[in-house]
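Structure first, commentary second.
Naming convention: chains lettered A, B, ... in sequence-line order (proteins, then strands); numbering from 1 in each chain.
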Number of protein chains: 2
Amino acid sequence: MDRKLSTTGIYRLALYNRYLNGLHRGESDYVSSQELADATGHTAAQVRKDLTCYGSLGEPSKGYKIRKLKALLARIFGKEEARNVILVGVGNLGMALLAYKGFQIQRFNIVASFDMDTKKIGKRIENVMIYHINDLDSVVADTKAQVAIVSVPASSAQEVINKLVSAGIKAILNFAPSSLIVPEGIELQNVDLSVELDRLYYLLKNPH
Amino acid sequence: MDRKLSTTGIYRLALYNRYLNGLHRGESDYVSSQELADATGHTAAQVRKDLTCYGSLGEPSKGYKIRKLKALLARIFGKEEARNVILVGVGNLGMALLAYKGFQIQRFNIVASFDMDTKKIGKRIENVMIYHINDLDSVVADTKAQVAIVSVPASSAQEVINKLVSAGIKAILNFAPSSLIVPEGIELQNVDLSVELDRLYYLLKNPH
DNA sequence: TGGTGTGAACCGATTCACAGCA
DNA sequence: TGCTGTGAATCGGTTCACACCA
């Protein structure tokens with residue numbers, strides 16, 4: 001177990017996780033690899049390959065016990081501990097993210113937010129305090145947050161990222177439309193909304 | 001030319017596109033595959049492979065002429081025409097997307113939005129009218145929009161998607177945390193913010 | 001000399017097929 | 001019988017190495 005899983009494999013695992021959480025069925029019941037495959041748009045063999053990386057908890061002719069599977073996924077994704085996240089950039093998108101209920105459902109807590117606009121500092125949005133970016137180090141230390149969401153303009157994204165890294169942040173979800181550089185060992189995940197739309201337009205114009 | 005490009009290849013192409021648009025350099029100048037590679041975090045060979053799918057417009061010992069490359073990418077991503085997009089679900093996230101300036105920069109026009117909340121209908125956010133979801137068919141026909149952004153709760157996402165498809169929408173960018181089914185020929189791109197955070201936590205807990 | 005275009009080699013992920021077990 | 005676990009085969013994308021050209 002604990003064998004390597006590809007980037008897309010992690011993505012699938014998160015999808016199985018999401019499906020199970022939305023499943024209101026007796027927790028002593030079972031799911032088959034086929035059911036998980038259908039629910040997430042993959043194949044049964046793929047699901048089994050993904051899951052056997054973490055030991056063989058499937059039972060022949062029955063499937064996977066939901067309770068066990070949920071526990072495994074919770075452990076893999078660190079849901080057992082508090083998943084404290086900070087957010088930098090309380091503009092339109094940042095505010096929407098603060099208000100997004102889905103994070104709470106998936107057990108993420110946005111514990112602090114940061115901005116440069118002095119008019120915003122000290123206010124609370126959705127009960128999350130807005131600090132000045134200069135307070136980053138102390139707040140990160142206090143909250144023990146390891147993950148940050150960046151929703152600042154592209155022009156200041158690299159600067160913000162540098163500050164986050166030196167404050168001790170280990171992983172970053174970046175919404176700024178900019179290619180950023182992080183040191184070895186720091187995880188960076190980019191979400192560029194325009195790029196996603198570009199992909200769709202590509203597919204429209206270049207049907208397969 | 002017009003050979004098949006993988007999903008991740010399209011993504012890289014969109015990144016080259018973004019880099020070139022941010023480049024304020026004489027348009028008669030050249031970029032090398034190496035420069036594009038460095039700017040987007042890939043390799044030079046990869047960049048060349050991606051670009052040669054669309055004919056050989058690189059010039060030996062010089063690189064790619066920026067103006068030509070921009071024109072090619074604009075054509076590939078349909079930027080020559082109006083890229084009219086509609087948005088369904090004017091909640092927190094929806095409003096933030098309406099206000100997001102990056103879409104205009106990348107030449108996307110959100111031409112209409114939809115909701116079910118009668119208190120919102122008829123208002124304008126960022127100069128975009130909010131219609132009732134029942135008006136979908138006529139507005140899609142009028143605006144000739146082919147792409148929709150979905151930012152409704154997971155519970156109503158499938159229903160909304162069905163309506164979009166029957167209204168003639170061809171591609172969908174979905175923010176609802178739910179696995180959705182679309183007919184053959186309709187493109188669906190999912191962005192689940194919790195799943196992205198899950199990936200980061202996976203990487204934190206399972207260092208490579 | 002410097003950078004493109006591209007076949008060949010490589011590598012990793014997905015699929016297949018089937019043994020094994022309740 | 002039904003569904004898991006898994007080696008083997010397959011498939012596709014990435015990297016390499018180098019011919020070619022201004």
Side-chain angles (χ1 to χ4, degrees), chain A residues 1-16 19-20 25 28-70 72-73 199 202-203 206 208, chain B residues 1-16 19-20 23 25 28-73 199 202-203 206 208:
Chain A
M1 63 183 289
D2 256 20
R3 267 233 311 295
K4 206 54 169 298
L5 201 56
S6 67
T7 313
T8 62
I10 302 166
Y11 178 76
R12 286 192 301 269
L13 231 47
L15 253 42
Y16 308 151
Y19 175 70
L20 291 176
R25 195 192 288 179
S28 56
D29 277 337
Y30 290 79
V31 271
S32 65
S33 55
Q34 188 63 56
E35 179 180 345
L36 283 169
D38 292 343
T40 57
H42 300 100
T43 67
Q46 181 94 75
V47 173
R48 293 200 297 275
K49 265 267 158 69
D50 289 339
L51 293 180
T52 47
C53 288
Y54 295 92
S56 37
L57 49 74
E59 299 172 33
S61 92
K62 294 176 120 181
Y64 300 85
K65 193 158 202 167
I66 292 181
R67 189 166 46 77
K68 276 186 156 183
L69 196 46
K70 278 188 175 178
L72 172 67
L73 290 166
R199 284 168 85 160
Y202 176 95
L203 295 169
N206 308 272
H208 33 209
Chain B
M1 61 186 291
D2 256 19
R3 269 232 311 295
K4 208 52 168 301
L5 200 57
S6 68
T7 311
T8 62
I10 302 166
Y11 178 75
R12 286 191 301 268
L13 232 46
L15 255 42
Y16 309 150
Y19 175 69
L20 291 176
L23 209 57
R25 195 191 291 179
S28 56
D29 277 338
Y30 290 79
V31 270
S32 66
S33 56
Q34 188 62 56
E35 178 180 346
L36 284 169
D38 292 342
T40 59
H42 300 99
T43 66
Q46 181 92 75
V47 173
R48 293 200 298 274
K49 265 267 158 68
D50 290 340
L51 293 180
T52 48
C53 288
Y54 294 92
S56 38
L57 47 74
E59 298 172 34
S61 93
K62 293 177 121 179
Y64 299 85
K65 192 158 203 167
I66 292 180
R67 189 166 46 77
K68 275 186 155 183
L69 196 47
K70 277 189 175 179
L72 171 69
L73 290 167
R199 285 167 84 162
Y202 176 94
L203 295 169
N206 308 271
H208 32 212

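Taking all atoms of both residues into account, the shortest heavy-atom contact from A/Lys49 to A/Thr52 is O-OG1, 3.1 Å.
Here the side chain of A/Ser56 is nearest to one of C/dT15, D/dG5, C/dG5, namely D/dG5. Which of C/dT14, C/dA22, D/dT14 sits closest to the side chain of A/Pro60 comes down to C/dA22. In the set D/dT14, D/dG5, C/dA13, the nucleotide with an atom closest to the side chain of B/Gln46 is D/dT14. Residue B/Arg48 has its side chain nearest to D/dC18 when only D/dC18, C/dA13, C/dT15 are considered.
The side-chain contact (heavy atoms from CB on, under 4.5 Å) test with B/Ser33 is passed by exactly one of B/Asp38, B/Val47, B/Leu51, B/Thr43: B/Val47.
Between A/Tyr30 and the phosphate of D/dG2, there is no side-chain N or O to OP1/OP2 separation shorter than 4.0 Å. Taking 4.0 angstrom as the limit, B/Ser32 places none of its side-chain polar atoms (N or O) nearer than this to OP1 or OP2 of C/dG3. Checking the phosphate oxygens (OP1, OP2) of D/dT1, no side-chain nitrogen or oxygen of A/Ser61 falls inside 4.0 Å. Taking 4.0 angstrom as the limit, B/Thr8 places a side-chain polar atom (N or O) nearer than this to OP1 or OP2 of D/dT14.
Taking atom NZ on B/Lys65 and atom P on C/dT4, their separation rounds to 15 Å, with Å as the unit. When the P atom of C/dG12 is taken as reference, atom CZ of A/Arg12 falls 16 Å away, rounded to whole Å. Between B/His42 atom NE2 and D/dT15 atom P the separation is 9 Å, expressed in whole Å. The nearest whole Å value for the distance from the CD1 atom in B/Ile10 to the P atom in D/dG12 is 15 Å. In this structure, A/Leu57 atom CG and C/dA22 atom P are separated by 15 Å, rounded to whole Å. Here D/dT6 presents its P atom at 14 Å from CG of A/Asp50, a figure rounded to the nearest Å. Atom pair A/Lys68:NZ and D/dT4:P shows a separation of 14 Å (rounding to whole Å applied). The interatomic distance linking B/Lys62 (NZ) with D/dA22 (C1') rounds to 8 Å, in whole Å.
Taking the side chain as every heavy atom from C-beta outward, A/Asp50 and A/Tyr16 approach each other to under 4.5 Å. Within the 4.5 Å cutoff, the side chain of B/Leu15 has no heavy atoms near those of the B/Leu36 side chain.
For NZ of A/Lys70, the number of neighbouring non-hydrogen atoms (other residues, nucleotides, ligands) closer than 6.0 Å is greater than 12.
Checking A/Ser6 against B/Tyr64, the closest nucleotide of DNA chain C that is more toward the 5' end is the one next to B/Tyr64.
A donor N or O paired with an acceptor N or O is not found under 3.5 Å between the base of D/dT6 and the side-chain atoms of A/Lys49.
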